[in-house]
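Inspection log for the structure reproduced underneath, given as structure tokens.
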Amino acid sequence: MMSKNMFFLVLLCAGGIILYGCKHRAPVETANVIDPQSDFNRNSENFGIAMNGANITINWAAVPQAALYEISRGGSRLGAYTALGATEKTSYTDTAPNKNKYENYYKITAKNGNEIISEQLASFELKMFGGNIMFYDQKYDKIDSIEKEINRIHDTEMLGSIQEEGGRRAEFSSKRYAMYFKPGEYKGFTEFKIGFYTHIAGLGKVPVQTRLFGSVVTPPHLPNNNATCTFWRSIENFQINGGAFDWGVSQAAPVRRMKLYVPARFDWKNGWASGGFSGDCYFTAEVGSWSQQQWYARNSHFVKAFQGVNWNKVIQGSTGQIEDDNWESGGCITKEDTTPVIREKPFLYMDNGEYKVFVPALRREAKGVSWTDADMGPGHSLDLVNDFYIARAGADTANTINAALSGGKHIFFTPGRYELSAPLRVAKAGTVMLGTGYATLIPGPQNRYGALFIDDVDNVTVAGLMFDALYNSAYLVCVGAAGAKNSHSAAPALLADIFLRVGGYKPESVNAGAALIVNSNDVIGDHLWIWRADHGQGVGWNLNTSKNGLIVTGGNVTFYGLLVEHFQEYQTLWLGDNGRTYFYQNESPYDPTNHSVYRSHNGTVDGWAAYKVANSVNSHYAVGLGVYAVFNRTGPDRNKSESVFLQNAIEVPNKPRVVIKNACILNLSGGGGVPTGIRSIVNGTGTGAMAGVKREYIMSYRNGAASANSGNLTGISPSNETFTIPVNLLP
């Protein structure tokens, strides 16, 4: 691969650039287009491209047996190409390119006589971003070509018969994609099917600048319209004017910064789905799902109220038609009027032909969307080329990325998987680390620490990234060193759309001591799924091991849309004061071999609480919590042969300023086999979920007293404990 800092030597004379061996001819209009069913146009990157004044020079590696190279140009990758000329050399200068440098795609056809030996593409976008980001432009692209490519990736590369090394595909594929639409109107397509590890987004300043007039859908791969494993895909910054928006998803599939003139349906044809997130969206038509188990919606506008959801629905900081809190009457709706402190996720956009990243400003007591049809909202923009280091999987390492961070660069991660020999370390205040296409950071085999460490500094943003444990490490992400003391109340760090996974990808054993550790104060978490895999390869009580999903020691930490599942001890462990959680979704581990390996409080209490607030904490608020027992793989053979119970879904100290509001439990372990379940909701209060699928709930718990329609109303404060928190955080 050529260096990112490569340069070109050209010979200048009074007449301009001289290219020896070129055979110039007048441009010839052709109907030649790139086949959207082919991958060749995205995978070859062995070329150079540079501006020379108003000209563009490309060069490429020599092709064996080639006698001549024919050059043609299109305004976009899938657009029509026009013949420019031919050369016997391995370089060519276009003296009349399209004005916007990103609207110049060159097809290089290597020939020997009339025989075509090979073809490859060259463009600034391919050189900057690689082949796993696809850009679409309605000025040049035929809509059927766009539709064919998007749906081929969904149907063939993700859900078809193609299997990767190890038999992986679909949920555990190593493929990663981002699909960006330049501003304009995209009409005449039936549907775009969005699959695993795919981010689809508009490149306008605001959603109304990129309009889709067709359906965007997420068909499930499970039978019976079951979307409970429709994970890891996202959509952002579009206006949808026609067709349907059938976003039937579960975890790690956010909907952000959208304006919808069509109904938004968050299930697939009434099949089950197990939770989702939407934020900063404007819904003008029907929205919701009657079969979703849970949903969290933040800072949106609803012309019609969000309908449906069965167990736990939280609507926060939103405007328009919003149903009132109804837990007291047996419902599942939580209404929170404002969002106390939030920064929206940064995003990529185009401005005057250049790529920028918009970083929204901090809002307090926020209500409604952050943008209007004419205004991006408060915030600032960064230039992608000048301010960011664009990381590429397969080319970049921990050393190259850390060098860029040390040099003051922000990082833009292109789609792919990055194995890191040491943690990436963010030490500069204000750093933005933005991923796209589910770029995935992995502590490598010799890295016993983690993938990402953020120093105790102001205003760091980490967004749009996935973290995967494939080996053994202390953590996946850590914010602040142990004992971090600094206040960041004026400029908090933000973790947005962060997804952490332990196990499922490969058959070998993996371990992460804790997936996410937050030691710094004032951190904001906005939509996180922290998952110890319950299915996939290498899944078992002694195979993919991890004690805690989330540990918080910092003060004034706030999480919105927090999902933590299947960890082996306290799944969320909170030791910092003044913490807040708005919406929590949890499933128990499926697979304790027996109760001897699954008891807390020095082996005296059955199970480990899904949400644990330490007795040292004086102030805490958590609202809209759903905790579900799924002990369906107990016993040494994972056949539900051992009876396992969770004594308390939630444990908190009995103190006046520690408040749990609107919490529910269910037993989803299945009817066969031995008894399993949850005995209480908080500190022994409420009615247990012991048999069948029956939702039990409380309206509140404070200082030892529960408000509930049934069950015990007096709670017992948990005994004091000593917690072991990872401290060996950096090499």
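- Remark: the Arg679 side chain and the Gln647 side chain contain an N/O donor-acceptor pair separated by less than 3.5 Å.
- Although no hydrogens or angles enter the test, the distance criterion places no donor-acceptor pair under 3.5 Å between the side chain of Asn225 and the main chain of Gly271.
- Between the side chain of Lys269 and the backbone N or O of Asn224, no donor-acceptor pair lies under 3.5 Å.
- Taking the six-membered ring where the residue is Trp, the centroids of Phe499 and Trp529 are separated by 6.0 Å or more.
- Other residues, nucleotides and ligands contribute only 12 or fewer heavy atoms inside 6.0 Å of the NZ atom of Lys547.
- Screening residues 631-649 for salt bridge (Lys or Arg N to Asp or Glu O under 4.0 Å), with sequence neighbours left out, gives Asp591-Arg638.
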Is there a side chain to side chain contact (heavy atoms under 4.5 Å, CB included) between Ile442 and Leu420 once you walk through the steps?
CA-CA 6 Å; Ile442 303 160; Leu420 303 169; over 6 Å; no
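- Separation of atoms CZ (Phe631) and CG (Leu668) is listed at 11.0 Å; rounding is to 0.5 Å.
- With Arg233 contributing its side chain and Thr230 its backbone, the two residues share no donor-acceptor pair below 3.5 Å.
- Using a 4.5 Å heavy-atom threshold, the side chains of Val217 and Trp268 count as touching.
- Between Tyr449 and Ser473, the closest heavy-atom pair is O-CB, 3.5 Å.
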Show, in sequence, the C-alpha distance, side-chain angles and deciding distance for His620 and Tyr611, and conclude whether the ring pair (Phe, Tyr, Trp, His ring centres under 6.0 Å) test is met.
CA-CA 12 Å; His620 190 90; Tyr611 194 91; 5.6 Å; yes
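- Of the possible polar contacts, one joining the Asn712 side chain to the Thr714 backbone as a donor-acceptor pair under 3.5 Å is found.
- At least one donor-acceptor pair under 3.5 Å links the side chain of Ser588 to the backbone N or O of Val630.
- When all heavy atoms of Gln292 and Gly276 are compared, the pair lying nearest together is OE1-N, 4.5 Å.
- Side chain of Asn472 to main chain of Asn511: a donor-acceptor pair is present (N/O by atom type, distance under 3.5 Å, no hydrogens or angles).
- At least one donor-acceptor pair under 3.5 Å links the side chain of Thr198 to the backbone N or O of Phe196.
- A salt bridge links Arg256 with Asp526: at least one charged nitrogen is closer than 4.0 Å to a carboxylate oxygen.
- Atoms CG and NE2, on Asp497 and His199 in that order, are 8.5 Å from each other to the nearest 0.5 Å.
- A tilted orientation is assigned to the rings of Trp272 and Trp311, their planes being inclined by 30° to 60°.
- Ion pairing of Arg501 with Asp468 is present here, as a side-chain N (NZ or NE/NH1/NH2) and a carboxylate O approach within less than 4.0 Å.
- In the model, His601 has a side-chain atom that pairs as donor or acceptor with a side-chain atom of Glu651 under 3.5 Å.
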CA sep, side-chain torsions, deciding dist, call: Ser274, Gln294, side-chain hydrogen bond (donor to acceptor under 3.5 Å, both in side chains):
CA-CA 6 Å; Ser274 67; Gln294 54 264 318; 4.9 Å; no
When you look at Asn632 and Ser669, which way does the side-chain hydrogen bond (donor to acceptor under 3.5 Å, both in side chains) test go after all the steps?
CA-CA 5 Å; Asn632 60 1; Ser669 304; over 6 Å; no
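- Residues Gln571 and His566 bring no donor and acceptor atom of their side chains to less than 3.5 Å of each other.
- Nearest heavy-atom pair, Tyr438 versus Pro254, reported as atom, atom and distance to 0.1 Å: OH-CD, 3.7 Å.
- The two residues Tyr471 and Gly444 have their closest heavy-atom pair at CD1-C, 3.5 Å.
- Side-chain N/O atoms of Ser250 and Thr228 include no donor and acceptor closer than 3.5 Å.
- A distance below 6.0 Å separates the ring centres of Tyr560 and Tyr582.
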Mind running side chain to side chain contact (heavy atoms under 4.5 Å, CB included) on Trp295 and Ser289 for me, showing each step along the way?
CA-CA 9 Å; Trp295 195 274; Ser289 162; over 6 Å; no
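- Taking all atoms of both residues into account, the shortest heavy-atom contact from His595 to Ser643 is CD2-O, 3.5 Å.
- Counting only distance, with no hydrogens or angles, the side chain of Asn648 and the backbone of Val682 share no donor-acceptor pair below 3.5 Å.
- Separating the CZ atom in Phe567 from the CG atom in Asn548 is a distance of 8.5 Å, to the nearest 0.5 Å.
- With rounding to the nearest 0.5 Å, the separation of OG1 in Thr634 from CG in Asn639 is 7.0 Å.
- Residues passing the salt bridge (Lys or Arg N to Asp or Glu O under 4.0 Å) test with Lys694, sequence neighbours excluded: Glu696.
- In this structure, the side chain of Thr553 does not engage the main chain of Leu575 through any donor-acceptor pair within 3.5 Å.
- In this structure, Val249 and Ala253 approach most closely via the heavy-atom pair CB-CB, 3.6 Å.
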Report the C-alpha separation of Phe723 and Lys612 in whole Å, then their side-chain angles, then the decisive distance to 0.1 Å, and conclude whether the side chain to side chain contact (heavy atoms under 4.5 Å, CB included) test is met.
CA-CA 11 Å; Phe723 304 102; Lys612 171 71 174 180; 4.1 Å; yes
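- Between the side chains of Asn312 and Tyr697, no donor N or O sits under 3.5 Å from an acceptor N or O.
- The neighbour count for Ile716 CD1, taken as heavy atoms of other residues, nucleotides or ligands under 6.0 Å away, does not exceed 12.
- Cation-pi geometry between Arg695 and Trp327 is satisfied (NZ or CZ under 6.0 Å from the ring centre, within 45° of the ring normal).
- Electrostatic pairing of Asp534 and Arg532 does not count as a salt bridge here, judged by no charged N lying under 4.0 Å from a carboxylate O.
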How far apart are the C-alpha atoms of Tyr628 and Glu565, what are their side-chain angles, what is the distance that settles it, and do they pass the side-chain hydrogen bond (donor to acceptor under 3.5 Å, both in side chains) test?
CA-CA 10 Å; Tyr628 314 127; Glu565 300 190 280; over 6 Å; no
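- Classification of the Tyr197-Trp232 ring pair by plane angle, with boundaries at 30° and 60°, yields parallel.
- The pair Glu236-Lys345 meets the salt-bridge criterion, with a side-chain N (NZ, NE, NH1 or NH2) lying under 4.0 Å from an Asp/Glu carboxylate O.
- Here the two rings, on Phe231 and His221, have centers that are 6.0 Å apart or farther.
- Asn447 CG to Glu419 CD: the interatomic distance, rounded to the nearest 0.5 Å, is 10.0 Å.
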Between Thr558 and Arg580, does a side-chain hydrogen bond (donor to acceptor under 3.5 Å, both in side chains) hold up when you go through it step by step?
CA-CA 5 Å; Thr558 304; Arg580 295 173 294 194; 3.0 Å; yes
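- Summarising the geometry, atom CG belonging to Leu495 is positioned 6.0 Å from atom CG belonging to Leu528; distances are rounded to the nearest 0.5 Å.
- Taking the six-membered ring where the residue is Trp, His535 and Trp531 present perpendicular rings, their angle passing 60° and hence far from 30°.
- No donor-acceptor pair closer than 3.5 Å links the side chain of Arg599 to the backbone N or O of Thr604.
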Candidate pair Val216 and Trp247, rule side chain to side chain contact (heavy atoms under 4.5 Å, CB included), full reasoning
CA-CA 7 Å; Val216 178; Trp247 196 258; 4.1 Å; yes
